[in-house]
Protein chains: 4
Amino acid sequence: MADEEKRGRPRDMAARRRVLTAAYALLEEGGVTALTMEAVAARAKVGKPMLYRSWPNAQALAMAALIEAAPDAPEDDGSGPALAALRRQVRFVVEVFASRIGRSAAALVASATRDTEIFKSFRSQVILSSRTVGRALISRAVEEGDIRPGIDVEAALDAIYGPVFFRVLVGHEGLDAGFADRLMDTVLEGLRPR
Amino acid sequence: MADEEKRGRPRDMAARRRVLTAAYALLEEGGVTALTMEAVAARAKVGKPMLYRSWPNAQALAMAALIEAAPDAPEDDGSGPALAALRRQVRFVVEVFASRIGRSAAALVASATRDTEIFKSFRSQVILSSRTVGRALISRAVEEGDIRPGIDVEAALDAIYGPVFFRVLVGHEGLDAGFADRLMDTVLEGLRPR
Amino acid sequence: MADEEKRGRPRDMAARRRVLTAAYALLEEGGVTALTMEAVAARAKVGKPMLYRSWPNAQALAMAALIEAAPDAPEDDGSGPALAALRRQVRFVVEVFASRIGRSAAALVASATRDTEIFKSFRSQVILSSRTVGRALISRAVEEGDIRPGIDVEAALDAIYGPVFFRVLVGHEGLDAGFADRLMDTVLEGLRPR
Amino acid sequence: MADEEKRGRPRDMAARRRVLTAAYALLEEGGVTALTMEAVAARAKVGKPMLYRSWPNAQALAMAALIEAAPDAPEDDGSGPALAALRRQVRFVVEVFASRIGRSAAALVASATRDTEIFKSFRSQVILSSRTVGRALISRAVEEGDIRPGIDVEAALDAIYGPVFFRVLVGHEGLDAGFADRLMDTVLEGLRPR
DNA sequence: ATCTAAGCGAGACGGTACGTCACGTCTTGGG
DNA sequence: CCCAAGACGTGACGTACCGTCTCGCTTAGAT
């Protein structure tokens, strides 16, 4: 383990970039099913063995591409009230997941084996990262007196982010800013101080 | 629509049953990826063309099998309070989706094209049917004075069922009766009369 | 055997005609591979079982269609010299086999099982019928003193008709009237009186 | 033509051999219809795509197998008279084509599309190669004074080899050494010096 | 400066499953 | 009791990707 020889030609970082870019483009164009190892190799002008050297299968590569490209949530600068920041963030999340890429991310989660490193990292960085932000904002809102103390924070986070994901995948009704707002109204009503 | 010619040999219902049973068994044993048309054909002693005559692809067949086998939600006999019935029903939904079959259903939704008849029927009968039950129970709870009038029912339903689906797929935390209860506590708090 | 019941609906002769016409048309349009039982049934507006009642398989049906449509060799009215009639007949045979239908007939022979009644009838009526005519003409030519007596007639017939069939199938060189003439020159040289 | 890129893993010659051997064996055992791509793949322990990489369809593969295995005509050492060598060679050809493999070769010619490279090569190496030998022997026989000069050599070759092929396919009468001899007697009579 | 080990692209390999086609049989309802 | 229509089990078709493997060519760190 400690040895880690480093002779020979090093990995080609430019090729790696080409691969991730190609993978992302395929996801954008045709969704999860369009991302085949063959297509990525062809588009990135790369051999298949090179892909398998870095990622064990197509899902892993897709996840890596999405992790790479995941947009950061808008920074909370702490200036305004936390509740408003939380509303803004949920709107942002809705917007991201409404795109084809968001659907791809959701579909990947649904079909993946859950015991791999890459999956866990994908889950935390792409699917759950907004939850982390939300958790911090809820804490601040409690301090600001807009949410009462003692609530079950995890359950609250589920109630906020779960429905977004649900609609992304099930598509039974639209995903837009109005939805984000109504959802927040309903949930926050249960969280405000009595 | 009214025409509907009915000449020729009719579909063989026994074979159809064998197919759906085989498909369900495969889903149970190995999840979505185990359900291949070849495997179903072999296990049901049926030719592949027969499968394609009735279902356009493996997902559609999987959905049909799940629709066929979908357990009915526990009947609400209207005897007790609606809120209690709602809690019971959410527990039931959590339990169903925690099984391999539940995960298969969720994964199918995630990967399917949404414009087909079979998908819409699958969505309403397997994924959203609990929502319908929940909607009725909320109405009754309003009449019973346990939920205040004027709330956004759809948003409330999303807040209840969304998180279940979310956890099924993302698997970031456990799915059990305790989760169902904590979730209901949080959401109902926002719905009760002021 | 002697019973020969004749109850029930009689065979539909019009349908039979439609079938043979359809089969012939398919042979003309796409050759042997285009004549499938399904295509014939569809084009003749006939059920497949009806086809199988009369012909055991596609080749048999094709043969029947070709037998039905086989052009009769030009009648030898016995007026002119037999040798000239023979030359005319060979030219005619060459012409017939140079068409797509001729090739189909040849290909059928090549691929067929040889022990069936229909094959034997096809062989004699479509492939070998010209031989019969030729045999008679050779006899007359012997009487007329243009061919010497005592030759091996069957070998001579093979030497005349074999090459035609050969070129039809192998297609190494053209099939035309000039070929027919050169062939006859060569063979007849060996048959003339010494 | 001169380019001929040679990158990537080279074709596996051992596998190629296995395929051709399997194909030949199937032809021998069951004739043309027994040679299916699936059967060859199974017997040669090879994937179907590998077959399609090298041959566009079953007929092409069959042809390749027959070309590979085609027995060379007995060498003409030039010692004896050319006419005798020609008789020997025709006997040999008759013998080869009387076998199941010979019939397969003939049937392939009959059913094939004629515009492909593989067909042309098959025709010249399997069907027409004997003709080439025969052409040379006729030339020598002319020099030796056993055949008169000025005859139409191609017509003569057709008269010799055409009937063999004819009988192979039509099977109206036996194919044996006696047939070969009688045929040669008839044809050579027309070729000898006057 | 030259080995030389590793990475590289290309692409063939044995497989699995796909979705389609035609086969030849069987089973309806209608004439 | 035949007919058309058409579903059935079978089996081959030709294609798409899978994940693994060998090639011959860079490329750069170690000798």
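Order of the sequence lines fixes the chain letters, A, B, ..., with proteins taken first and strands second; residue numbering starts at 1 for each chain.
Atom CE of A:Met63 and atom OG of A:Ser121 lie 9.5 Å apart (nearest 0.5 Å).
Between C:Arg53 and F:dC3, a side-chain N or O to OP1/OP2 separation shorter than 4.0 Å is present. A close approach under 4.0 Å does not occur between any side-chain nitrogen or oxygen of A:Arg16 and OP1 or OP2 of E:dC8. Taking side-chain N and O atoms only, B:Arg11 has no distance below 4.0 Å to OP1 or OP2 of F:dA5. Contact between the side-chain N/O atoms of D:Arg9 and the OP1/OP2 oxygens of E:dA10 is not found at any separation under 4.0 Å.
We find that A:Arg43 and A:Glu38 are not joined by a salt bridge, their nearest charged nitrogen and carboxylate oxygen being 4.0 Å or further apart. The residues A:Arg17 and A:Glu68 are annotated as salt-bridged, a charged nitrogen and a carboxylate oxygen being separated by less than 4.0 angstrom.
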Problem set entry | Test log, rule side-chain contact (heavy atoms from CB on, under 4.5 Å), inputs B:Gln59 and B:Phe119 | CA-CA 9 Å; B:Gln59 294 84 26; B:Phe119 173 74; over 6 Å; no
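The nearest whole Å value for the distance from the CG atom in B:Leu26 to the C1' atom in E:dT16 is 15 Å.
Residue-level contact check: A:Pro49 touches the bases, meaning some heavy atom is under 4.0 Å from a base atom. Counting non-hydrogen atoms under 4.0 angstrom, A:Arg43 reaches nothing in the nucleic acid. Counting non-hydrogen atoms under 4.0 angstrom, D:Ala15 reaches the backbone sugars and phosphates but no base.
The residue among D:Gly47 and B:Asn57 whose nearest nucleotide of DNA chain E lies closer to the 5′ end is D:Gly47. Positionally, the nearest nucleotide of DNA chain E for D:Ser54 lies more toward the 5' end than for the other of B:Pro56 and D:Ser54.
Contact annotation: side chain of A:Lys48 to base of E:dG9, donor-acceptor pair absent below 3.5 Å.
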